Amino acid sequence: MPLSTQSQTDDAQYILVASLDNARNISNILKAITFKDHAIFSATPNGLKVTVEDSKCLQANAFIQADIFQEYTIKEDSVGFQINLTVLLDCLTIFGGSTVPGVSTALRMCYMGYGYPLTLFLEEGGVVTVCKINTQEPEEPIDFDFCSSNVTNKVILQSESLKEAFSELDMTSEVLQITMSPSQPYFRLSTFGNSGNAHYDYPKDSDMMELFQCTKTQINRYKMSLLKPSTKALALSCKVSVRTDSRGFLSLQYLVRNDDGQICFVEYYCCPDEEVGED
């Protein structure tokens, strides 16, 4: 791969270098969290975390582990910057994001540090394009304070079944109501749209349900406008973990396999829209 033959002395100036044989393995994951222009990049020796937020009510995180990359070098404990995600995706797909077998865009991503641009070297079919994207000082991401010790209910579903539910529910509804309970209906999704109320129930012993851990009945509503961006992650994923904590905050964790069969995670946090009394 020509990119790997770049002068090693060039690398000395960078505090972060990440290389991929197939840029689609990162562009697909980033598309799953692209609902605002700007994203916060946090790099550690474990890999990249990319965060996008909307009005302190919604946060999406993409976790791209270091071993996804063919080369991953970081010279500091942590490296952070803010970047225009839309521009980054445009650069990553500059060759058209080919899906032809055996044809892929190689990527080498380099960052020199605070105040410097993120430099992308993209190569396909012997043609190398260099893109430099301005970076900004990162804002502090919102801490949703969602910790596993406060999780009251958790289910893990095969993504296909959640896609099916969304296709049957009325997406003109302003909210999605999620009921999680140790007793029936166990796990229910409800909408209240133009064509009336609709419910989609999952028995706890359903083939589509891989894990069912509910300790108490919770009924919470979430703005559909906030949840809609997460359907991009759902479309890519094979499994989804749905968790709620004692405050009714929602965590949707998607397991995504890339073109090479490696696993990445995308997580959405959403705050509840309103309290709904238990039946």
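What you see below is based on every heavy atom in this structure, not just the backbone, and it leaves out hydrogens, waters and symmetry mates. Owing to the predicted nature of the structure, the values given are computational and were not obtained by experimental measurement.
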Within a strict 4.5 Å, meaning less than it, do heavy atoms of the Leu16 and Leu118 side chains meet? no
Which heavy atom in Val266 sits nearest to a heavy atom in Ala233, and how many Å separate them? CG1-CB, 3.8 Å
Could you give the side-chain donor-acceptor pairs of residues 130-149 under 3.5 Å, partners two or more places apart or in another chain?
from: Thr135; atom 1: OG1; to: Tyr116; atom 2: O; distance (Å): 2.6
from: Glu137; atom 1: OE1; to: Tyr114; atom 2: OH; distance (Å): 3.2
from: Asp143; atom 1: OD1; to: Asp145; atom 2: N; distance (Å): 2.8

Decide if atom CG of Asp77 counts as having more than 12 heavy atoms of other residues, nucleotides or ligands within a radius under 6.0 Å. no
Does Gln262 have any side chain to side chain donor-acceptor pair (under 3.5 Å) partners at least two apart in sequence or in another chain, and if so, which? Asn258
So do Val155 and Tyr186 actually touch side chain to side chain, heavy atoms under 4.5 Å? no
Got a sec, which pairs hit salt bridge (charged side-chain N to carboxylate O under 4.0 Å, His left out) with one end in residues 231-246, sequence neighbours left out? Glu210-Lys239, Arg243-Glu267, Asp245-Arg247
Out of curiosity, Leu157 CG to Asp207 CG, how far, rounded to the nearest 0.5 Å? 12.0 Å
Who pairs with Ser159 by side-chain contact (heavy atoms from CB on, under 4.5 Å), at least two apart in sequence or on another chain? Lys163, Leu234, Ser237, Val240
Could you name each residue pair satisfying salt bridge (charged side-chain N to carboxylate O under 4.0 Å, His left out) that touches residues 38-47, not counting sequence neighbours? none
State, yes or no, whether a side-chain contact exists between Ser42 and Ile40 at a heavy-atom distance under 4.5 Å. yes
Output for pair (Cys264 SG, Phe63 CZ), nearest 0.5 Å, gives 11.0 Å
Would you mind reporting whether Leu252 and Cys270 have side-chain heavy atoms less than 4.5 Å apart? no
Are Tyr269 and Val242 joined in one hydrophobic group, where the rule is that I, L, V, M, F, W and Y side chains link up if heavy atoms are under 4.5 Å apart? no
Once rounded to the nearest 0.5 Å, what's the spacing between atom CE of Met112 and atom CD of Gln13? 4.5 Å
Heavy atoms, side chains only, cut-off 4.5 Å: are Arg108 and Glu71 in contact? yes
ILVMFWY network linking Leu48 to Leu92, side-chain heavy atoms under 4.5 angstrom: yes
Gln70: which residues meet the side-chain contact (heavy atoms from CB on, under 4.5 Å) condition with it, sequence neighbours left out? Leu20, Asp21
Please identify each residue that fulfils salt bridge (charged side-chain N to carboxylate O under 4.0 Å, His left out) with Lys223, with sequence neighbours left out. Asp273
Is there a side-chain contact (heavy atoms from CB on, under 4.5 Å) between Phe249 and Thr244 once you walk through the steps? CA-CA 5 Å; Phe249 278 64; Thr244 52; over 6 Å; no
Using only atom types and a distance under 3.5 Å, with no angle test, would you say the side chain of Lys204 pairs donor to acceptor with the backbone of Met209? no
Check the hydrophobic clustering (I, L, V, M, F, W, Y; side-chain heavy atoms under 4.5 Å; chains of links allowed) and say if Leu162 and Ile156 are grouped together. no
Under a single-linkage definition using a 4.5 Å side-chain heavy-atom cutoff for Ile, Leu, Val, Met, Phe, Trp and Tyr, are Leu85 and Phe265 assigned to the same hydrophobic cluster? no
Result block: side-chain N/O donor-acceptor pairs under 3.5 angstrom for residues 25-39, not counting sequence neighbours:
from: Asn25; atom 1: OD1; to: Asp259; atom 2: N; distance (Å): 3.1
from: Asn25; atom 1: ND2; to: Asp260; atom 2: OD2; distance (Å): 2.9
from: Ser27; atom 1: OG; to: Ala23; atom 2: O; distance (Å): 3.4
from: Thr34; atom 1: OG1; to: Leu30; atom 2: O; distance (Å): 2.6
from: Asp37; atom 1: OD1; to: Thr86; atom 2: OG1; distance (Å): 2.8

For Gly193 and Thr172, which heavy atoms make the closest approach, and how far apart are they? CA-OG1, 3.5 Å
CG-CD1 distance between Asn22 and Ile68, expressed to the nearest 0.5 angstrom: 11.5 Å
Side chain to side chain donor-acceptor pair (under 3.5 Å) involving Gln59 - partner list, sequence neighbours excluded: Glu53, Asn61
So the side-chain hydrogen bond (donor to acceptor under 3.5 Å, both in side chains) pairs with at least one residue in residues 192-202 (sequence neighbours excluded) are Glu164-Tyr200, Asp170-Ser195, Arg188-Asp201, Ser190-His199
Correct closest heavy-atom pair for Lys216 and Thr152 would be CE-CG2, 4.3 Å
Any donor and acceptor pair, going by atom type alone, linking the side chain of Lys154 with main-chain N or O of Ser241 inside 3.5 Å? no
Could I get the full list of ring pair (Phe, Tyr, Trp, His ring centres under 6.0 Å) partners for Tyr72, not counting sequence neighbours? Phe69
Student check: side-chain heavy atoms of Ser206 and Phe212 closer than 4.5 Å: no
Counting C-beta onward and ignoring hydrogens, is there a side-chain heavy-atom pair between Ile178 and Asn220 closer than 4.5 Å? no
Do Pro229 and Tyr268 have side chains that approach each other closer than 4.5 Å (heavy atoms only, starting at C-beta)? yes
Could you check Asn153 against Thr215 for side-chain contact (heavy atoms from CB on, under 4.5 Å), going step by step and ending with a plain yes or no? CA-CA 6 Å; Asn153 295 318; Thr215 59; 3.9 Å; yes
May I have the step-by-step check of side-chain contact (heavy atoms from CB on, under 4.5 Å) for Leu227 and Leu250, ending in yes or no? CA-CA 10 Å; Leu227 291 178; Leu250 177 69; 3.9 Å; yes
Any chance you could lay out the side-chain contact (heavy atoms from CB on, under 4.5 Å) test for Met224 and Val175, step after step, and finish with the verdict? CA-CA 5 Å; Met224 196 69 87; Val175 295; 6.0 Å; no
Just to verify, what does Phe81 make a ring pair (Phe, Tyr, Trp, His ring centres under 6.0 Å) with, not counting sequence neighbours? Phe41, Tyr111
